[in-house]
Amino acid sequence: MSDHLLEVKDVTKVFRIGGLLFGTELVAVDNVSLSLAKRAPSILSIVGESGSGKTTLAKIILKLQEPTSGDVLLEGKSIFGCHLNRDRLAYYRAVQPIFQNPFETFSMRKCVDSYLYDTALNLKVAKGRKAARDIVADALSSVGLDIKGVAGKYPNQFSGGELQRISVARGLIPRPKLIIADEPVSMIDASLRMNIVNMFLSLKEKYNVSFIYITHDLSTAYYLSDYVAIMYRGNIIEYGSSDQILTNPIHPYTELLLNSVPTIGKKWERNLRLSNIELRDDKNTACKFASRCPFVQPVCRQNKPPAVQVPGEREVLCFKPVDYALDRTTLDQGSEKLTTRRWISLGDGSC
Amino acid sequence: MLRLSDVKAYYLTRRAIVKAVDGVTLDVRGNEILGVAGESGCGKSTLLKILYDSLEPPLKLVAGKVEAEMKTVSGKTLKLGPGQIRHHWWRFISYIPQGSMSVLNPVVRVEKQFLDSISRRHRLTNKREIHERIANYLNELELPIEVLNSYPHQLSGGMRQRVLVALGTFLHPQIVLADEPTTALDVVIQKGILLMLAQVQEQMKNSLVIVSHDIGVHYQITHRIAIMYNGKIVEIGPTEMVFKKPLHPYAQMLIQSLPHVGDDKHRVGISGRPPSLIDPPLGCRFAARCPFVMDVCHKEMPSLMEVEPDRFVACYLHREPLQARKNVE
Amino acid sequence: MTVIFFVPRFLPSDPVTAALGRVMSSGSAMRPEEVQAMRSTLMQLYGLEGTLGEQYFNFMKRAVFGGSFGPSLAFYPTPVNALIGKSLPWTIFLLLTSTLIAWVVGNLIGVLAGYQSRRIYSKILEGFAILLYPIPYYILALILIILFVYINPIFPVSFNVQGAPFSLEFISSAVFNSVLPALSIIIGSFGWWVLSMKALSAGIAEEDYVSFARFKGVGGPAIMGRYVMRNAILPQITVLALNIGAIFNGALIAEILFGYPGLGTLVYTAVVQSDYNLLMGTISIGIIAVATAALAIDLLYPFFDPRIQYR
Amino acid sequence: MVKLNARLVAGGFLLLLFIIVGVVLSRFSPYDPRSWNTVPRNLQPSQAHLLGTTSLGQDTFWLLTFAVQNSLIVGVVVAFFATTIGLLAGLTAGFVGGYIDRVLTLAMDVFISIPSLPILILVASLLHGKTSLLTISLVLIVFNWPWPARQVRSIALSMREREFISTARFSGSGTLSIIVREIFPYVLAWSLANFVNTVLVAIATESGLAVIGLSSLEQATLGTMIYWGLQYQALLAHRWWWIGAPVMAIILLFIGLFLASTGFADLSAERRGRYRA
């Protein structure tokens, strides 16, 4: 058996936009690899802005879309390999989703609890309706809800926060090893958001379940996760433990993101200029961030940046640390600005 | 500039009366950025409709006064009430909506949509002159001129929102209302647009009202902030002060619940949920979720009172008005 | 859409037997060899020799590339093409003018009713359209005939054009005679345009860009024209392409009832006279014409909608 | 509670009237509608003959009840099969997608853009005189399934991406169960509206064909009544009731059907709107 719970291997997803003749191709996910260790439950955040491919990646892991190339392994077995019903149900027992919009998670024409019973019965967690009721009640109480308050009600009778709890409860029924939560709190009011986020933390401990938390919000990602992967236009440009990445970013894009978060207690410097170039058709042979990067070098416009291993289980998709490691002096001559950057000190002693 | 006194505006539908704004007193001052913060369904967008004088059935102004003071070109001051403000839309007061795809006419070029808004309000009649002025203004805001010749779908979300800011401020209105101007935009673009708004306000020295659910946004660029809860303003004061020492329990808990990068403190949300706007409780709207709740809180809604210079709060924990305290001293 | 050309394949077969049956049932006794000879003659005339594939190939060769449907039997030896050539312009003239008038007027009224859907006049207009829309063309035609031919004889009973071709008298009498058939098509399709345009523009009037335009201080007529109408008319173009077949159906019957010398009447003649070649020809031409019109509208659509670009 | 709207009530009332006239009343007819000369010819409306009699010696009123019945049968049969086939085809195309979707969509577009009447005329003339209501119904079904199919397909396509479908999948539900339990409730009200509308279209087309004498002439439908009336120059002879009765019946029936159809459509829109709010 593999010692990885989940492995995403070189996954690429290309969409065709428009008709067969005049369409263009869009690389939504570009050669992404990720893994989650099995030994202890962990929370991995995939952070990115709209169009970064994070939701597509989530859909691929959830088998809702097939990758153009690459594979996803669950405990060493490809999730796309077999089409037997038995395998399908086994997959659903191991992986469960939580969606962004709680009002869309359940059909408006059905009672919410029917989904919970379906899950318990179809996934063979419970034999018969009576046993299912106990399991459903149990799952609901673990998210702080009472089965009596849920039974026979339609989605429009709940608030967004309550529905999201029910959605989590449904996902918990088969005792999955992994929950994929796609922006689970972005539609939830700020005052209630932390209740859901804290719930994830306690569920991780209580039920030994790992989470992949997909978000655009760096502060909850920092609060919640053990590991963070930053996505930019289909690539994971920086990966590592959340502490390291979010307090000491290497990639210029991560840094730009962090500086743009409207944090309370830290006023923005008023120096941001938005580019007027509509980023659409950069060549695929350059760093995708090159046109926005304040530290751009000629090499960034000519070559794809490599994935560089940085000590401490970190990986960065950028020329910055490479150049530093290879030839610090040439780079110093090339750009004076770069020598003042913080990442230089990070490289000290380790590279 | 614009003052609301004890305004109540309800949605009168056949099924129920939704008391979206239920007794709000607020004034928008000259040369300031005022933030209106609140969660979904707290009445902040209804408040915006009142400020913009765009009440349409089933929304109705039930009680209270809305007064605006407009400075005319000749330097006189004109008093305007509800139903009159709308005659000065775009010239005296303008509106920047959320920059979604749907606020610009999809089949008309951007320039034409610019011209729409000024042809009736502006003295300029020469087409080339207007074009020149628009081009200059876009230049000032560092926007490419090509956007004028584009259709909305050809622009990215961030660019569309910048066009909307330009559109709303082109005639130098005395009041600009921005409704969730950066919601659904990426953080980097959000920062750029908020800074752009702040810069424009700084140059024009007019009033900018920003409505947003994201209190981080308010912290970054507003001068004063009004926090709404369930159809009422619970706290209002200078932004810096409110964030440093929030007085209303709701404001306190809300600000404290937000996590920050690099801060490992355990954060908790507020339990429970806001009461319904159809059938609000008799007393304080926050009483059911408030950890400091007292008997009196359930009996009567506390009114907004000035408890420190320029700081107003509606809570029985801060019952001693500033005036009374001064007298004692 | 262009697969229309395959339609002749759908034909349930053996018109020959049917024709023979008619000849025989008309009383004249025939010897078997005569029957056989007649059969093969008919087969040849109808282009029904050989396997289905050969037939298809022959038909296509004759009809599509040669542009010929053979001679008419009823008006032997006039070729079918000549007959169609004479009647097609009439149908096109009738269909084009009446569809255009109905579409334009219907859409104008529809946008008016939709933009101010709460006003009483728009409710009255809508009610009027609801009463008109479900009534089929031929019923309207009958009502018009009853009203304006019998009760109130303004128009002649049968179609009657005078004067040399394209003289003033000819044109005016042609127009005069076309009023009733055109009116039946206009009234018949008008209700639909009003109703669909009303629904569309009422939806668009709720769009953010319309309320934003109002907030910008744009005047009512400009909003209705540039914002509501401009956006609502686009789907109506597509709907026109889809509905042209149904309108053509209606026009066929209206023509027959009014004795209008178009394709419909020709079809009817072919049916009554059991003129198989003529029938095939008229129907193929009709279907091809409708499909071409629909295709043309579809192809023109991107010119109206800036959101669609062929890159 | 489902709140009935005014259109549905008005339309339903008219339809009920026709069902009573066509289905119930026709059973009490004192005459056989198919035989001629059972009553004196060309009588003006009177107490004995409510709507007069025809030149063929039939009682117009009782003939009308049979005509309504036959027309309704054609309409309902066509609408039932067309809607069912359309629903299945649309769901298959929208939900299965891929190659099947492309073929079905092509077929839908072809059938929609071909005018149906010429084909019907062709069929009718080939079967010369032996046209039965059944064959006409069959052709009408062929031409009427693509409309609902197209609509259902687009509904299914948009639904496929909805999150609650994924929720059902992750609850272990199979594709069939998802179609039946998740998608069907959303399509149902719309299908009802389409069903009623197809009844209208089917009756209209059949009558149109009948008016020019190309439908089954033995069986009385609203269209054949008009045909015989025209054949016997009822208009020239100013026998208004003969043609007027079926014309009025068609107008009222169609207005009723149309009101009911839009009423159902409004109803489904309203319900969707209410839940969304």
Side-chain angles (χ1 to χ4, degrees), chain C residues 1-4 6-7 10-15 18-19 21-22 130-131 133-139 141-143 145-146 149-151 157 195 241-242 244-253 256-257 263-264 267-268 270-272 274 276 279-280 282-284 286-287 290-291 294-295 298, chain D residues 7 106-107 109-130 135 139 142-143 147 150 197 200-201 203-205 207-209 211-214 222-223 226 229-230 235-236 238 240 243-244 246-248 250-251 253-259 261-262 265:
Chain C
M1 291 203 111
T2 46
V3 193
I4 302 309
F6 289 93
V7 164
F10 293 136
L11 305 182
S13 65
D14 222 5
R22 279 198 295 284
I130 286 177
L131 294 185
Y133 162 68
I135 304 173
Y137 299 99
Y138 50 87
I139 297 291
L142 280 174
I143 294 173
I145 291 175
I146 294 174
V149 177
Y150 291 101
I151 294 186
V157 176
L195 288 181
L242 280 175
I244 202 124
I247 301 172
F248 181 73
N249 282 350
L252 281 189
I253 299 185
I256 296 168
L257 289 175
L263 221 50
V267 170
Y268 188 61
V271 170
V272 173
S274 315
Y276 184 67
L279 194 62
M280 278 300 297
T282 43
I283 285 174
S284 302
I287 288 170
V290 168
L295 191 69
D298 255 16
Chain D
R7 284 188 188 189
L106 186 71
D109 281 350
V110 166
F111 278 109
I112 284 176
S113 56
I114 299 175
S116 56
L117 196 72
I119 306 287
L120 274 166
I121 291 177
L122 200 62
V123 172
S125 68
L126 287 175
L127 296 168
H128 202 81
K130 279 175 279 179
T135 41
V139 181
V142 168
F143 277 95
W147 292 93
R150 213 179 135 102
N197 197 42
L200 192 161
V201 172
I203 296 180
T205 319
S207 305
L209 214 55
V211 166
I212 53 175
L214 286 173
L222 291 168
I226 298 175
L230 288 176
L235 291 179
L236 212 57
H238 291 255
W240 307 124
I243 287 184
V247 164
M248 274 320 287
I250 284 184
I251 292 177
L253 176 62
F254 284 9
I255 289 174
L257 283 166
F258 180 65
L259 285 174
S261 161
T262 50

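First the proteins, then the strands, lettered A, B, ... as listed; each starts at 1.
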Quick one: does any side-chain atom of C/Tyr138 pair with a main-chain N or O of D/Leu209 as donor and acceptor, under 3.5 Å?
no

Apply side chain to side chain contact (heavy atoms under 4.5 Å, CB included) to C/Tyr137 and list each qualifying residue two or more places apart in sequence or on a separate chain.
C/Ile185, C/Ser189, C/Ile247

Toward chain D, the part of C/Leu131 with a non-hydrogen atom under 4.5 Å
both

What part of C/Ile256 gets closer than 4.5 Å to chain D, counting heavy atoms only: side chain, backbone, both or neither?
side chain

Given heavy-atom pairs under 4.5 angstrom as the criterion, report whether the side chain, backbone, both or neither of [X] touches chain C.
| X | result |
| --- | --- |
| D/Leu222 | neither |
| D/Ile226 | side chain |
| D/Ser207 | both |
| D/Leu200 | side chain |

Interatomic spacing from [atom1] in [X] to [atom2] in [Y] - rounded to 0.5 Å:
| X | Y | atom1 | atom2 | answer |
| --- | --- | --- | --- | --- |
| D/Met248 | C/Ile143 | CE | CD1 | 7.5 Å |
| C/Ile139 | D/Ile250 | CD1 | CD1 | 3.5 Å |
| D/Leu117 | C/Ile253 | CG | CD1 | 4.5 Å |

Between C/Pro134 and D/Phe254 the two heavy atoms that sit nearest each other are O-CD2, 3.0 Å

Between D/Leu259 and C/Ile130, is any pair of side-chain heavy atoms under 4.5 Å apart?
yes

Side chain to side chain contact (heavy atoms under 4.5 Å, CB included) between D/Thr262 and C/Leu195: does it pass, once the steps are laid out?
CA-CA 11 Å; D/Thr262 50; C/Leu195 288 181; over 6 Å; no

